[in-house]
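Keep in mind that this is a model prediction, so the values were computed, not measured.
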Amino acid sequence: MKRPDFMALALAEAKAAAARGEVPVGAVLASGNKVVASAGNRTREMNDPTAHAEMLVIREASQKLSAERLTDLDLYVTLEPCTMCAGAISFARIRRLYYGAADEKGGAVVNGVRFFASPTCHHTPDIYPGIAESDAATLLKEFFQARREP
Ligand SMILES: [Zn+2]
């Protein structure tokens with residue numbers, strides 16, 4: 001059976017986030033060929049600075065599976081995770097991390113603190129950057145351009 005395109009689903013979540021006026025980042029947690037949780041950013045809607053797409057799917061999947069660790073799950077996210085989310089990914093023991101665009105300003109994987117390479121990081125997922133990178137980057141660029149226009 002062909003693996004579903006989880007990054008396409010994450011991109012759809014990012015687009016839905018943009019339509020809600022949220023920064024367009026989307027995430028999917030998958031177990032094999034099955035989606036366990038999917039979400040887009042909801043920081044504005046929830047008045048919660050921690051409501052990044054990655055945090056929301058980690059919370060939802062942990063609840064659904066009644067598990068503190070998500071060792072068999074793979075995370076697909078449209079943007080390079082920030083420091084907070086990289087920490088959560090590590091604590092959740094997520095198996096693989098697929099992400100789209102790199103984030104020079106807020107990223108913590110290949111930019112910033114490079115969390116997974118730090119000595120205080122005790123679990124590093126397998127990391128696959130640049131998945132559907134241009135789609136994710138275009139979405140963010142268009143969102144911020146539209147917001148700058150009067
Ligand atoms: Zn984050």
Notebook entry, point to check: Transitively linked via ILVMFWY side-chain contacts under 4.5 Å: Met46 with Val23?
Noted result: no
Check: To the nearest 0.5 Å, how far apart are CG in Leu65 and OG in Ser31?
Finding: 7.5 Å
Notebook entry, point to check: Near Phe91 CZ, under 6.0 Å, is it more than 12 heavy atoms from other residues, nucleotides or ligands?
Noted result: no
Margin query: Rounded at 0.5 Å granularity, tell me how far NE2 in His122 sits from OG in Ser90.
Written below: 7.5 Å
Check: Checking Glu80 side chain against Asn111 main chain: does a donor-acceptor pair fall under 3.5 Å?
Finding: yes
Checklist line | Among Tyr98, Tyr76, Phe6, ring-ring contact (aromatic ring centres under 6.0 Å, His included) partner for Tyr128 | finding: Tyr98
Notebook entry, point to check: Which atom names give the shortest non-hydrogen contact between Glu54 and Val25, and what distance separates them?
Noted result: OE1-CG1, 4.4 Å
Check: What heavy-atom pair brings Thr78 and Pro24 nearest, and what distance separates the two atoms?
Finding: OG1-O, 4.1 Å
Checklist line | Non-hydrogen atoms of Val77 and Leu97 that approach each other most closely | finding: CG1-CD1, 3.9 Å
Item checked: Point-to-point distance, once rounded to the nearest 0.5 Å, from CZ of Arg96 to CG of Leu73 -> 11.5 Å
Check: When you check the gap from the basic side-chain N to the acidic O, do Glu45 and Arg20 get nearer than 4.0 Å?
Finding: yes
Note to self: For the backbone of Ala108 and the side chain of Thr83, can you confirm whether one donor and one acceptor N or O come within less than 3.5 Å of each other?
What the structure shows: no
Checklist line | Donor-acceptor contact below 3.5 Å, side chain Lys64 vs main chain Val36 | finding: yes
Note to self: Keeping Arg44 on the side-chain end and Gly21 on the backbone end, is there a donor-acceptor pair under 3.5 Å?
What the structure shows: yes
Notebook entry, point to check: How close do Arg95 and Thr71 get, heavy atom to heavy atom, and via which atoms?
Noted result: CB-O, 3.4 Å
Margin query: Restricting to non-hydrogen atoms, name the atom on Ala86 and the atom on Phe116 that form the minimum distance, rounded to 0.1 Å.
Written below: O-CE2, 3.5 Å
Item checked: Between Thr43 and Asn41, a side-chain donor and acceptor under 3.5 Å -> no
Notebook entry, point to check: Once you round to the nearest 0.5 Å, how far does CG of Asp126 lie from CD1 of Ile94?
Noted result: 12.5 Å
Next item on the list: Might you point out which heavy atoms bring Ile89 and Pro81 nearest each other, and give the distance in Å?
Entry: CD1-CG, 3.9 Å
Next item on the list: Quick one: pull up CZ in Arg42 and CD in Glu13 and give me the separation to the nearest 0.5 Å.
Entry: 7.5 Å
Checklist line | Atom pair SG/CG of Cys82 and Asp103 - distance to nearest 0.5 Å | finding: 8.5 Å
Check: So, do Val28 and Leu75 sit near enough that their side-chain heavy atoms are less than 4.5 Å apart?
Finding: no
